[in-house]
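Below is one structure, written out as structure tokens; comments come after it.
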Amino acid sequence: MVIRYVIVPKKQYTYWYVAMSEIQDRVKLRSSWKAKIGGEFEQEYMQNLRRFLIEEKQAGKIIYPEGDNIFSSMNLVSFDDVKVVIIGQDPYHGEGQAHGLCFSVKPGVRIPPSLQNIFKEIQGDLGIPIGNHGYLKSWAEQGVLLLNSVLTVEKNKAGSHQGKGWERFTDAIIEKLNKEHTGLVFLLWGSYAQKKGRIIDQKRHLVLQSVHPSPLSAHRGFFGNHHFSRTNAYLERQGKSVINWAVPALQV
């Protein structure tokens, strides 16, 4: 076997771009997920995606999120502990926003409009006050998989990494969850997420759909969908702990 190594300019990306024969061992992905989807990293489409990202970095392009945050959605919740799946499209493309969880931003970053509308619906649905930040790590730690369909993006270029292979990878994640779990809740907001969720067996899981929380569509059915209370009611019926949708206050 020929072993090929690559050199990446940015140190934080070197953990992922390694010898092909070592890829499963070296990818910084929680072991429970690696056991389920680790084989995807050896597929041709993932090798092509890896080459694409290397070439983009070598061309001096800025990619979000940083390398050690690409798989944050899975590293914050084990495969076995997933209870709720929220499907986004691709990461925020503004500086300092994306950190691997869909809809979430880092502490200190202004809350984006779609997330503001998510918080407004939570307030209207559950009476929970709107928080002072948009960092959704606490949701992930309770079993909410905040999964973007595409896991990287070029700075200031929304959708720039669509069609490069990430969609197939995240389809594999959804398919594994669908087949090996029962009683999950999938929140599919907007036509993109709904198309992504077509493989979900609605006899095994609860699938809640509405328009996207974007300011362009939220008033056409996102507000008042009661997805958060419906999620918790379903989890209770499944004998699972509910999600605390409040975000812990950060000191300002």
Side-chain angles (χ1 to χ4, degrees), residues 64 73 82-94 97-105 109-136 138-140 142 144-151 153 156-163 166-167 170-171 173-174 177-178 184-235 237 242-247:
Y64 297 137
S73 61
V82 173
K83 295 185 288 188
V84 180
V85 182
I86 300 178
I87 299 177
Q89 191 161 342
D90 57 356
Y92 295 121
H93 54 85
Q97 292 181 304
H99 65 101
L101 306 182
C102 72
F103 293 106
S104 178
V105 290
V109 176
R110 183 177 180 181
I111 301 174
S114 291
L115 183 53
Q116 290 180 17
N117 286 338
I118 291 171
F119 286 162
K120 288 177 183 178
E121 173 56 24
I122 292 172
Q123 183 181 45
D125 188 15
L126 297 171
I128 294 173
I130 295 174
N132 64 350
H133 64 91
Y135 188 46
L136 305 182
S138 66
W139 293 6
Q142 295 177 77
V144 181
L145 181 67
L146 294 158
L147 182 68
N148 275 315
S149 175
V150 177
L151 301 189
V153 69
N156 296 333
K157 292 189 177 181
S160 52
H161 289 185
Q162 292 180 12
W166 281 126
E167 292 92 342
T170 51
D171 278 348
I173 294 170
I174 295 169
L177 290 165
N178 176 58
L184 297 182
V185 182
F186 289 85
L187 301 181
L188 308 180
W189 300 329
S191 59
Y192 186 94
Q194 290 159 20
K195 290 176 183 177
K196 186 82 171 170
R198 285 176 179 171
I199 62 175
I200 301 166
D201 183 351
Q202 297 193 33
K203 295 180 180 179
R204 294 168 58 88
H205 308 286
L206 176 64
V207 177
L208 298 177
Q209 304 183 61
S210 80
V211 299
H212 195 273
S214 162
L216 298 176
S217 57
H219 291 280
R220 292 189 284 108
F222 182 79
F223 293 135
N225 64 24
H226 300 289
H227 280 186
F228 302 97
S229 60
R230 292 170 67 185
T231 292
N232 281 350
Y234 180 80
L235 292 176
R237 292 196 298 271
V242 301
I243 305 300
N244 178 4
W245 295 106
V247 291

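Taking each heavy atom of Q123 and P129 in turn, the nearest pair found is NE2-CA, 4.2 Å. What you find for P91 and A98 is that their closest heavy atoms are CB-CB, 3.8 Å. The two residues S160 and V153 come nearest to each other via the heavy atoms OG-CG2, 3.4 Å. For H205 against N178, the heavy-atom pair with the smallest separation is NE2-O, 2.9 Å. When all heavy atoms are compared, the tightest approach of S149 to E167 is OG-CG, 3.6 Å. Contact between I87 and A193 at its shortest, heavy atoms only, is O-CB, 3.7 Å.
F119 CZ to L136 CG: the interatomic distance, rounded to the nearest 0.5 Å, is 5.0 Å. A distance of 11.5 Å separates CD1 in I118 from CD1 in I130, rounded to the nearest 0.5 Å. For the atom pair CG of L146 and CG of L187, the computed distance is 9.5 Å after rounding to the nearest 0.5 Å. L184 contributes atom CG, which lies 9.0 Å from atom CG of L235 (distance to the nearest 0.5 angstrom). Atoms CD1 and CD1, from I122 and I243 in turn, are 11.0 Å apart once rounded to the nearest 0.5 Å. In this structure, CZ on R230 lies 7.5 Å from CG on N225, to the nearest 0.5 angstrom.
With ring centers used as reference points, Y192 lies 6.0 Å or more from H212. Y234 has its ring centre no less than 6.0 Å from the ring centre of H226.
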Test S138 against N244 for side-chain contact (heavy atoms from CB on, under 4.5 Å), laying out the working first. CA-CA 8 Å; S138 66; N244 178 4; over 6 Å; no
Test side-chain contact (heavy atoms from CB on, under 4.5 Å) on S210 and H227; report intermediate values, then the result. CA-CA 9 Å; S210 80; H227 280 186; 3.8 Å; yes
Could you give me the CA-CA distance, side-chain angles and deciding distance for F222 and E121, then say whether side-chain contact (heavy atoms from CB on, under 4.5 Å) is met? CA-CA 8 Å; F222 182 79; E121 173 56 24; 3.6 Å; yes
Using the side-chain contact (heavy atoms from CB on, under 4.5 Å) rule, take H161 and D90 through it: C-alpha gap first, then chi angles, then the decisive distance, then the call. CA-CA 8 Å; H161 289 185; D90 57 356; over 6 Å; no
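Between H99 and Y135, the angle of the ring planes lies from 30° to 60°, which puts this pair in the tilted group.
Counting only heavy atoms from C-beta outward, the side chains of Q89 and K196 never approach each other to under 4.5 Å. In this structure, N148 and S73 have side chains that are not in contact, with every pair of non-hydrogen atoms separated by 4.5 Å or more. At least one side-chain heavy atom of P215 sits less than 4.5 Å from a side-chain heavy atom of S114. Between V85 and I200 the shortest side-chain heavy-atom distance does not fall below 4.5 Å. Using a 4.5 Å heavy-atom threshold, the side chains of V185 and K83 count as separate.
Remark: W245 engages W139, F228 in a ring-ring contact (aromatic ring centres under 6.0 Å, His included) (not counting sequence neighbours). R204 meets the side chain to side chain contact (heavy atoms under 4.5 Å, CB included) test with T182, D201; sequence neighbours excluded.
In this structure, D125 contributes its side chain and S229 its backbone to a donor-acceptor pair below 3.5 Å.
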